[in-house]
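Note sheet for the following structure.
All values below come from the heavy atoms of this structure, side chains included, with hydrogens, waters and symmetry mates left out. In the text below, chain A, chain B and the rest are named by the order of the sequence lines, each starting its count at 1.
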Protein chains: 2
Amino acid sequence: MALFLSTFVNRIDKKGRTSVPATFRAALAAGAFPGIVAYRSFTSACIEGCGMDFMERLSDGAQAFDAFSDEQENLAALIFADARQLPWDPEGRVSLPEDILAHAGITESVAFVGKGQTFQIWQPDAYKAVEADIRAKALTSRPTLPLRPKPVAGA
Amino acid sequence: MALFLSTFVNRIDKKGRTSVPATFRAALAAGAFPGIVAYRSFTSACIEGCGMDFMERLSDGAQAFDAFSDEQENLAALIFADARQLPWDPEGRVSLPEDILAHAGITESVAFVGKGQTFQIWQPDAYKAVEADIRAKALTSRPTLPLRPKPVAGA
DNA sequence: CATCTCATCCCATGCTATCCCATTAACACC
DNA sequence: GGTGTTAATGGGATAGCATGGGATGAGATG
């Protein structure tokens, strides 16, 4: 599966449009929906972004009642209620809605931040600060990343 | 499958008509019945909405409701008794019946709230309150969402 | 059988999002 | 170093959507 990698800073024009980074578009090309899905982060002043297929997986997970607590159900419902389908135009641009931009404090530039299976959208300076912070903590605590063994065929 | 995402607030005109959000109509387009199915929520002051195909799945007792007990099957029967088929007009509007509106306290505006496989219809301010509540709880308890592995190829 | 009421259809309108075309900039390739 | 290609950006034109109101027809009611 294609992953969202790297960070891209793009401008917002006066119509409210932003180019989705070409590599992100390529990663989303496999899905049926030509665009992105965006919702406000619960924990940070940023926008969570993903593809429609990711939402469908969330929906599948939400149907397995045993796996979900009430809290988790509420949270999933909140995501669905808050998520917007943002189709891109022929040039690969999307219009980020006002309220979502406000939540992230975005005005004229946005940072698309790859997170692997998903990505985030930040006010560029805000992300710089957060990144520096995480990087500083990593230096002191030396975390390790667990690696899953390869399932069967190539990932 | 097409999901119901995002929240849309629309007006009710003096004839009692409301536009079903275009994206919801698109999600329902796959079904045979050109309209929505609506019934009063058991748990909240809102209206549950879905497509006819979802009703059929409810009838089969298949997929979505594996985990339902006998008691919950009785609930399903109640749903059938309460549910209304609301076809939309050529412009995509439906007329929500009086008693259903009363149950949700709706007078002049309605909020269509996407829930993934289904959606809900709320009095806009009432939904705002509920949403704020859930969002606040999510912040404190920080639940995590289990994600099903991708159905097809490697993750 | 006449009339009334309500629901549906049809047409009109304002706003906004979307499409299409043009321009600039960056990179790669020759 | 020159050229071709792709990505990001800007702006005018168009189409779609939410909404309002009149007209028409079916069923209810007297």
Side-chain angles (χ1 to χ4, degrees), chain A residues 2 4-29 32-38 47 49 52 83-102 106-114 119 121-124 127, chain B residues 2 4-29 33-38 49 84-102 106-114 119 121-124 127:
Chain A
F4 300 105
L5 295 181
S6 186
T7 298
F8 302 88
V9 176
N10 287 338
R11 292 185 52 76
I12 299 183
D13 65 23
K14 38 186 153 177
K15 288 186 182 178
R17 298 175 299 186
T18 313
S19 289
V20 177
T23 58
F24 284 22
R25 292 206 301 272
L28 291 165
F33 172 66
I36 69 173
V37 175
I47 304 168
M52 185 60 79
R84 323 281 170 103
Q85 303 181 40
L86 305 177
W88 50 57
D89 67 14
E91 284 76 38
R93 291 175 290 194
V94 295
S95 295
L96 297 168
E98 281 292 335
D99 58 335
I100 291 220
L101 289 178
I106 296 170
T107 54
E108 55 181 27
S109 285
V110 297
F112 287 83
V113 181
F119 58 93
I121 301 174
W122 287 81
Q123 200 282 326
Y127 177 66
Chain B
F4 298 104
L5 294 182
S6 188
T7 298
F8 302 88
V9 176
N10 287 339
R11 293 184 52 76
I12 299 183
D13 64 24
K14 35 188 153 176
K15 290 183 182 178
R17 297 174 301 184
T18 313
S19 289
V20 177
T23 58
F24 284 22
R25 293 205 299 272
L28 291 165
F33 172 65
I36 68 174
V37 175
R84 328 276 169 99
Q85 300 183 41
L86 305 176
W88 51 58
D89 68 14
E91 282 76 37
R93 291 176 289 197
V94 295
S95 294
L96 297 167
E98 281 294 335
D99 58 335
I100 290 217
L101 289 178
I106 296 170
T107 54
E108 56 180 26
S109 284
V110 297
F112 286 83
V113 181
F119 58 94
I121 301 174
W122 286 80
Q123 200 282 326
Y127 177 68

Original post:
With sequence neighbours left out, what residues match Pro124(B) under side-chain contact (heavy atoms from CB on, under 4.5 Å)?
Top reply: Val9(B), Ser109(B), Ala111(B)
**OP:** Send over the distance from Arg84(B) CZ to dA7(C) P, rounded to a whole Å.
**Re:** 13 Å
Original post:
To the nearest angstrom, how far is Trp88(B) atom CH2 from dT19(D) atom P?
Top reply: 16 Å
Taking only nitrogen or oxygen atoms into account, show me every contact under 3.5 Å that the protein makes with nucleotides 13-17 of chain D, one pair per line with its distance.
none

**OP:** Drop me the distance from Ser95(B)'s OG to Leu101(B)'s CG, to the nearest 0.5 angstrom.
**Re:** 9.5 Å
**OP:** Estimate the overall bend of the helix from dC1(C)-dG30(D) to dC30(C)-dG1(D) from the end axes over five pairs each, rounded to 10 degrees.
**Re:** 30°
**OP:** For Ala83(A), enumerate each residue passing the side-chain contact (heavy atoms from CB on, under 4.5 Å) test, keeping only those at least two apart in sequence or located in another chain.
**Re:** Val37(A), Tyr39(A), Met55(A), Leu5(B)
Original post:
Who pairs with Glu91(A) by side chain to side chain donor-acceptor pair (under 3.5 Å), at least two apart in sequence or on another chain?
Top reply: Arg93(A)
**OP:** Let me see the working for Val94(B) and Arg84(B) under side-chain contact (heavy atoms from CB on, under 4.5 Å), right down to the final yes or no.
**Re:** CA-CA 11 Å; Val94(B) 295; Arg84(B) 328 276 169 99; over 6 Å; no
Subject >> Atom-pair distance (CD1 on Ile12(B); P on dA7(C)), nearest Å >> reply: 14 Å
**OP:** Return the value, rounded to whole Å, for the distance between atom CD of Glu108(B) and atom P of dT19(D).
**Re:** 12 Å
Original post:
Roughly, in whole Å, what's the span from CZ in Phe112(A) to C1' in dT9(D)?
Top reply: 14 Å
**OP:** First locate atom CD1 of Ile100(A), then atom CG of Leu86(A), and finally report the distance between them rounded to the nearest 0.5 Å.
**Re:** 7.0 Å
Original post:
Do Ile106(A) and Ile47(A) touch side chain to side chain, with heavy atoms closer than 4.5 Å?
Top reply: yes
Subject >> Asp89(A) side, atom CG; Arg17(A) side, atom CZ - distance, nearest 0.5 Å >> reply: 6.5 Å
Subject >> Nucleotide-resolved protein contact map, nucleotides 20-28 of chain C, B/S/- at heavy-atom distance under 4.0 Å >> reply: BB-------
Original post:
Rounded to whole angstrom units, what separation is found between the CZ atom of Arg11(A) and the P atom of dG11(D)?
Top reply: 11 Å
**OP:** Sequence neighbours left out, what passes side-chain contact (heavy atoms from CB on, under 4.5 Å) with Phe33(A)? Give chain and number order.
**Re:** Met52(A), Gln85(A), Pro87(A)
Subject >> Non-neighbouring partners of Phe24(A) that pass ring pair (Phe, Tyr, Trp, His ring centres under 6.0 Å), sequence neighbours left out >> reply: Phe4(A), Phe8(A), Phe119(A)
Subject >> Set of residues satisfying side-chain contact (heavy atoms from CB on, under 4.5 Å) with respect to Thr18(B), sequence neighbours excluded >> reply: Asn10(B), Ile12(B), Leu96(B), Val110(B), Phe112(B)
Subject >> Length of the CG-C1' vector between Asp13(A) and dA7(D), whole Å >> reply: 15 Å
Original post:
Which whole-number value in Å describes the distance from Lys14(B) NZ to dT19(D) C1'?
Top reply: 12 Å
